[in-house]
Amino acid sequence: MSITCTPVSIPVSAETPKGLVETEVSGLWAEPADGEPRGVVVLAHGAGAGMAHPFLAGFAEALAGLGYAVLRFNFPYMEAGKKFPDRPPLAVGTWNSVLAYAAETKGTTASGVVAAGKSFGARMASLAVAEGTEAAALVHLGYPLHPPGKPEKLRDEHLYGIRIPQLFVEGTRDTFARVDLMEQVAAALEDAQPGKATLAWVEGGDHSFNVKGLKREPEEAGASLAPLVAEFLTEAART
């Protein structure tokens with residue numbers, strides 16, 4: 001399926017402890033060239049690289065090739081060229097603004113848009129939804145369950161109240177998500193919201209989904225996850 005890529009500017013309005021922040025961030029649509037998309041997905045980057053990172057580009061374009069309209073965007077700190085990620089109030093406010101923009105652009109509601117993210121972007125999406133932001137589903141690509149080497153500092157408490165379908169795609173060598181702890185969280189999520197949480201492992205994958213013994217470019221690593229995510233979204237749309 002052929003796709004088109006369209007750059008956009010997205011207005012952001014976020015309430016923070018320091019007051020209202022109003023700005024714009026860059027975005028990039030990847031979508032099927034012909035026909036109506038199967039769904040709309042907003043995709044956020046990780047802490048250390050923006051929306052143009054090859055991994056995200058590969059994933060977004062592969063998912064668009066499977067029929068979805070995918071909007072990547074930068075958080076304000078990345079847009080400003082800063083090294084340290086935005087604090088949650090600004091990041092969550094950015095998510096709210098981008099989801100609303102995507103919904104309005106595609107003629108749907110925020111509850112019809114999927115929120116997806118890599119690492120930091122996924123965590124901020126889940127915080128937004130836990131605080132009341134509407135979305136159709138959450139897709140976590142390398143959810144940062146804990147800081148590397150600090151498994152006691154779990155970032156899971158807010159996940160248990162989320163009532164929409166969630167997909168966690170994790171590498172078995174990811175230092176941000178120890179296998180046994182991620183399995184425990186997935187089991188607890190199943191208890192809290194039966195049928196709403198799916199955990200998929202990439203055997204040998206690290207936090208960037210580089211697989212031990214398999215040489216491939218970041219674009220390929222990202223693209224390899226698209227069929228799995230598309231399958232999940234198809235099932236989630238039926239529930």
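Contact check on Arg38 versus Glu31 returns no salt bridge, with no Lys/Arg side-chain nitrogen under 4.0 Å from an Asp/Glu carboxylate oxygen.
The shortest side-chain heavy-atom distance between Leu189 and Phe168 falls under the 4.5 Å cut-off. The shortest distance between side-chain heavy atoms of Val185 and Tyr143 does not fall below 4.5 Å. Here the side chains of Pro7 and Ser26 are not in contact, with every heavy-atom distance at 4.5 Å or above.
Here Val211 sits in one hydrophobic cluster together with Val41, Leu43, Phe55, Leu56, Phe59, Leu63, Tyr68, Val70, Val114, Val139, Leu141, Leu167, Val169, Val202, Phe209, Leu214, Leu225, Leu228, Val229, Phe232, Leu233; the rule is ILVMFWY side chains under 4.5 Å apart, joined directly or through other members. With side-chain heavy atoms closer than 4.5 Å counting as contact, directly or through intermediates, Ile3 stands alone and belongs to no larger hydrophobic cluster. With a 4.5 Å cut-off between side-chain heavy atoms of Ile, Leu, Val, Met, Phe, Trp and Tyr, the cluster of Val12 takes in Val8, Ile10, Val25, Trp29, Val40, Val42, Leu71, Phe73, Phe75, Tyr77, Met78, Val92, Trp95, Val98, Leu99, Tyr101, Val113, Phe120, Met124, Leu127.
Note: the hydrophobic cluster containing Phe176 does not contain Leu154 (ILVMFWY, side chain heavy atoms under 4.5 Å, direct or indirect links).
The minimum heavy-atom distance linking Pro218 with Pro54 is given by the pair CB-CB, 3.9 Å. Contact between Ala44 and Gly121 at its shortest, heavy atoms only, is CB-CA, 3.7 Å. Considering every non-hydrogen atom in both Ala14 and Pro89, the closest pair reads CB-O, 4.2 Å. Contact detail for Pro76 and Asp86: the closest heavy-atom pair is CD-OD2, 3.1 Å. The minimum heavy-atom distance between Ala135 and Val129, with the atom names listed, is CB-CG2, 4.3 Å. Residue Pro85 comes nearest to Ala47 through the heavy atom pair CG-CB, 3.8 Å, listed as atom of the first residue, atom of the second, then distance.
Between the side chain of Ser111 and the backbone N or O of Ala136, no donor-acceptor pair lies under 3.5 Å. For Asn74 (side chain) and Glu79 (main-chain N/O), no donor-acceptor pair under 3.5 Å exists by modelled atom type. Counting only distance, with no hydrogens or angles, the side chain of Arg173 and the backbone of Asn210 share a donor-acceptor pair below 3.5 Å. Glu170 places no side-chain N or O within 3.5 Å of a backbone atom of Ala200 that could act as its donor or acceptor partner. Between the side chain of Glu190 and the backbone N or O of Gly195, at least one donor-acceptor pair lies under 3.5 Å.
Side-chain atoms of His207 and Thr175 include no donor-acceptor pair closer than 3.5 Å. One side chain, Thr133 or Asn96, offers a donor N or O that lies under 3.5 Å from an acceptor on the other.
A distance of 13.0 Å separates CD of Glu220 from NZ of Lys215, quoted to the nearest 0.5 Å.
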| field | Residues Leu199, Glu183; criterion side-chain contact (heavy atoms from CB on, under 4.5 Å); working and verdict | value | CA-CA 8 Å; Leu199 173 59; Glu183 293 278 8; 3.8 Å; yes

| task | Let me see the working for His146 and Leu181 under side-chain contact (heavy atoms from CB on, under 4.5 Å), right down to the final yes or no. | result | CA-CA 9 Å; His146 55 75; Leu181 296 177; 4.0 Å; yes

| message | Walk me through whether Leu159 and Gln166 qualify under side-chain contact (heavy atoms from CB on, under 4.5 Å). | response | CA-CA 9 Å; Leu159 298 173; Gln166 299 186 74; 3.8 Å; yes

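Here side chain to side chain donor-acceptor pair (under 3.5 Å) pairs that include residues 149-158, with residues two or more places apart or in two chains, are Ser126-His158, Asp156-Tyr160. The list of side chain to side chain donor-acceptor pair (under 3.5 Å) pairs with a residue in residues 4-25, not counting sequence neighbours, is empty. Pairs passing the side chain to side chain donor-acceptor pair (under 3.5 Å) check and including a residue from residues 43-66, sequence neighbours excluded, do not occur.
Counting non-hydrogen atoms of other residues, nucleotides and ligands closer than 6.0 Å to CZ of Arg216 gives a total above 12. More than 12 heavy-atom neighbours from other residues, nucleotides or ligands sit within 6.0 angstrom of CG on Asp191.
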